[in-house]
Every structure is written in structure tokens, then in C-alpha cells.
Amino acid sequence: MSRTSLTRFLIEEQQAGRIGPELRQLVTIVSRACKRISIAVSKGALGGVLGDAGTGNIQGEAQKKLDVLSNDILLEANAWGGHLAACASEEMEHSTPVPDRYPSGDFLLLFDPLDGSSNIDVNVSVGTIFSVLRCPPGVDKPGDEHFLQPGSTQVAAGYCIYGPSTMLVLTLGHGTHAFTLEREEGSFLLTQPDMRIPEETKEFAINMSNQRHWEAPMQAYVGDLLAGKEGPRGKDFNMRWIASMVADVHRILTRGGIFIYPWDRKDPSKAGKLRLMYEANPMGMLVEQAGGLASTGRTPILGIQPDGLHQRVPVFLGSRQEVTEAVKYHLAFDEAKD
Ligand code: P6P
């Protein structure tokens, strides 16, 4: 059976009038950059790209050589095509417009070039996360402020997971679809059209070592998960935590679950660990397009009006029923407090 390639899928989306030629080109170019990143990642120690780059990023995190290489691959691939006005990245303090020598396009691209890169040196799946926004009309050299649009305005979002197989998971606003890289041909082939997250789940993903730092509703919610059959939830739960958002979210898109990175008191000045613009928003769009929910624990992630390119938020996303349950604990706590 011949599978639909990403190229054919995008052409058919354009023929159906759901996307234009520029967005089709943008997604094609991003997928090509992800193939190059996949090749670099898969070489491991043989590629001479493991370990630290000896530099730090705006987040104050040590950069891995592959963080820098992945960022450069995405910037270079998207500079000359004429589909983009500017890029923003976890690895760069400010956004960067396409170089003057190239034509400027209608879209803004944001990415975490290699999420979970601390797992690289121990050979655990990592990934590239990307989000696409429209450049505001009449703005030919966009600055950071033009990126500050709510996640509900994204025109596309996706990730590429570099695992046992390399997969591109993509939404253009009409469902969430997974493509697997066929390495000999170098094509992404459609392997999971219209992914649907099971509404209920018995699996949660969280870093339990932070438990003592959580606020009361988080303590109560997770305590009830751990109480299992004998507790108020009346069922036993399983836990998974890969510490690579792309891998944890891919599992949840595939078989359900809830992924949580809540606010904690470790650094009260930070609203959370994960970044809104290039982690929570794209993952939120992918999950909600697959029938799930994405919340801060109190409000929908995709409705947040951003106030900074690297803004952090608490993240609860996955199976609709379970995210709803976790939000109930937080809203009930807030009500009791008022
Ligand atoms: P922790 C990776 O650094 C990341 O940004 C996400 O990919 C992942 O879900 C989370 O942080 C892991 O955080 O505190 O468990 O190491």
C-alpha cells in the first residue's frame, strides 16, 4: 500500500483551500531541516556533536553542541525561501528578521530547536518543536513584539521526535497528523492521520521530585492519583516521566495521559519551567486538535496574551477528562480561598 507523503499531504491541503503555497513551503522547509537534525542526532558520539557547546542561552542553560547546530540548521533553511518574515528561538534572546538580501514573507516561525537536549548524552529521544504565526500586515521587519500573539492565532504547529524512528507530528488547524521518516527515500510518510487522544486515562507524567514545592491543589490532585483504587479516583494510575517534553507528549497523543509541569516554589519568581511561545502553545494546539485539552491549571493555554518571547507558564495537557479534573482541583482551591 503506498502511503501519502508529506509533500502530497500538503499539496492536497492547498488544493482543498486549507493552506496557501507559502505555508506549504514553510512546513516543507522545516521538515527538511528536521531531517538534517535527525541525521546529526542519530550519529551520536560518532558525529562529534555530543556534549556542551561551552556557551549559555538566554534561559541561563548550558547549550549542547546539538542545540546550537539545530538552531543554525533551522535559521539557514528558512532564511532564503521568501516565506518567512522572522524567526524566534529558545536559543536566541531576540527574534531575528530574514536577512535583507532575501525576500520577506507573511509568517513568523518560533522553535525550540532541540527540546530535551539534556537527554542527548544518554541517548534518550529528543525533538524539535515549532510554531507558526502570521506576521502582522504592513510589518516588513518584525520585532519581538510582533510575535506576542495568543496560541489560538497559530496557523500551524508541530514537532519532530528523534526516537527509534523519526516522526513529524503536524497540525495546520485541521486535525493532528503523524508522519514517519522513510530514511532510504528521505520522505516523511503519513502513518497516523487524525490522531485522537483518549478522553480518559490512567497515566500521568510529572517530575515527582518537585512534589514538596507544589501548591496545595497540586498536592491534593496528585495525592488522589497515588491513592489509586482506594482513593477518591477509584482507579489505579501509572506514571511515566521521560523529561523530554516531545517524547512525553508523543506518548500522550498516541495512547492518552496527562502531562504536567506545574508552578512550584523552587523559584517562585518563575511562572513555570516550560516556555509559552515555543513549547506550551505548539504542543497545546497539537493536543487540542487531537481532542485533548491544554491548560495552565486554571486557564486555557491558547488564550494567554503573551507578554514576553520567553515567558514561562504552568502546563497541564492531554486527555480531556483528566485535564478537566486537575483544573477542578485548582479552581475549587481558589474559590475556597476567596
Ligand atoms: P525536569 C527539557 O529540559 C524540558 O524543557 C522539557 O522537555 C521536559 O519536559 C522538562 O524540561 C523536564 O524538566 O525538571 O524534569 O528536568
Side-chain angles (χ1 to χ4, degrees), residues 34 37 41 50-53 55-68 70-71 88-92 110-131 157-163 167 169 203-215 218 222 239-254 257-287 292 294-297 301 308-318 323 326:
C34 289
I37 295 170
V41 166
L50 293 187
D52 289 351
T55 51
N57 64 16
I58 175 64
Q59 325 290 341
E61 296 160 345
Q63 287 176 307
K64 298 287 185 186
K65 287 177 193 162
L66 274 170
D67 283 324
V68 177
S70 304
N71 197 61
S89 165
E90 180 192 54
E91 301 303 331
M92 304 186 305
L110 303 98
F111 44 82
D112 180 354
L114 203 63
D115 179 72
S117 55
S118 56
N119 284 311
I120 275 278
D121 299 341
V122 294
N123 201 28
V124 167
S125 300
V126 292
T128 297
I129 308 171
F130 63 91
S131 168
Y159 61 78
C160 193
I161 178 168
Y162 312 113
M167 294 183 74
V169 179
E203 198 160 69
F204 65 99
I206 195 164
N207 182 339
M208 285 298 292
S209 71
N210 297 322
Q211 184 174 22
R212 66 187 184 285
H213 303 299
W214 297 336
E215 57 175 319
M218 260 310 289
V222 173
M239 196 200 98
R240 287 284 181 276
W241 186 249
I242 305 174
S244 183
M245 187 183 197
V246 173
D248 281 313
V249 171
H250 189 72
R251 184 190 59 254
I252 287 166
L253 273 169
T254 308
I258 181 170
F259 171 97
I260 308 174
Y261 212 110
W263 174 85
D264 62 45
R265 289 186 185 82
K266 274 198 298 193
D267 183 345
S269 64
K270 281 185 185 167
K273 172 171 188 182
L274 301 178
R275 276 63 54 146
L276 173 64
M277 298 303 293
Y278 39 79
E279 288 173 332
N281 273 345
M283 291 308 205
M285 183 179 183
L286 287 161
V287 161
S295 171
T296 64
I301 281 181
L309 209 47
H310 303 291
Q311 175 177 348
R312 297 171 188 266
V313 287
V315 176
F316 295 67
L317 59 77
V323 173

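Position 1 is the first residue of the sequence; numbering continues from there. Each ligand, and each atom within it, is numbered from 1 in the order the structure gives.
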Validation row: N210, K266 side chains within 4.5 angstrom (heavy atoms):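 Yes, close enough: below the 4.5 Å cut-off.
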Side chain to side chain donor-acceptor pair (under 3.5 Å) between N281 and S131, worked out: CA-CA 8 Å; N281 273 345; S131 168; over 6 Å; no
Donor-acceptor contact present, side-chain T128 to main-chain P113, <3.5 Å: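 Confirmed, T128 side chain pairs with P113 backbone.
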Every residue of the protein that comes under 4.0 Å of ligand 1, judged on heavy atoms: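 Within 4.0 Å of ligand 1, the protein residues are D115, G116, N207, W241, A243, S244, M245, F259, Y261, K273, L274, R275, E279.
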Ring geometry between Y278 and H310 (parallel below 30°, tilted from 30 to 60°, perpendicular above 60°):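 Geometry flag for Y278 against H310: perpendicular rings.
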Salt-bridge criterion met for R265 and E215 (N-O under 4.0 Å):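 No, this pair does not count.
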Any pair counted as salt bridge (Lys or Arg N to Asp or Glu O under 4.0 Å), so long as it reaches residues 268-278, sequence neighbours left out: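 Passing the test, one end in residues 268-278: E61-R275, E90-R275, R275-E279.
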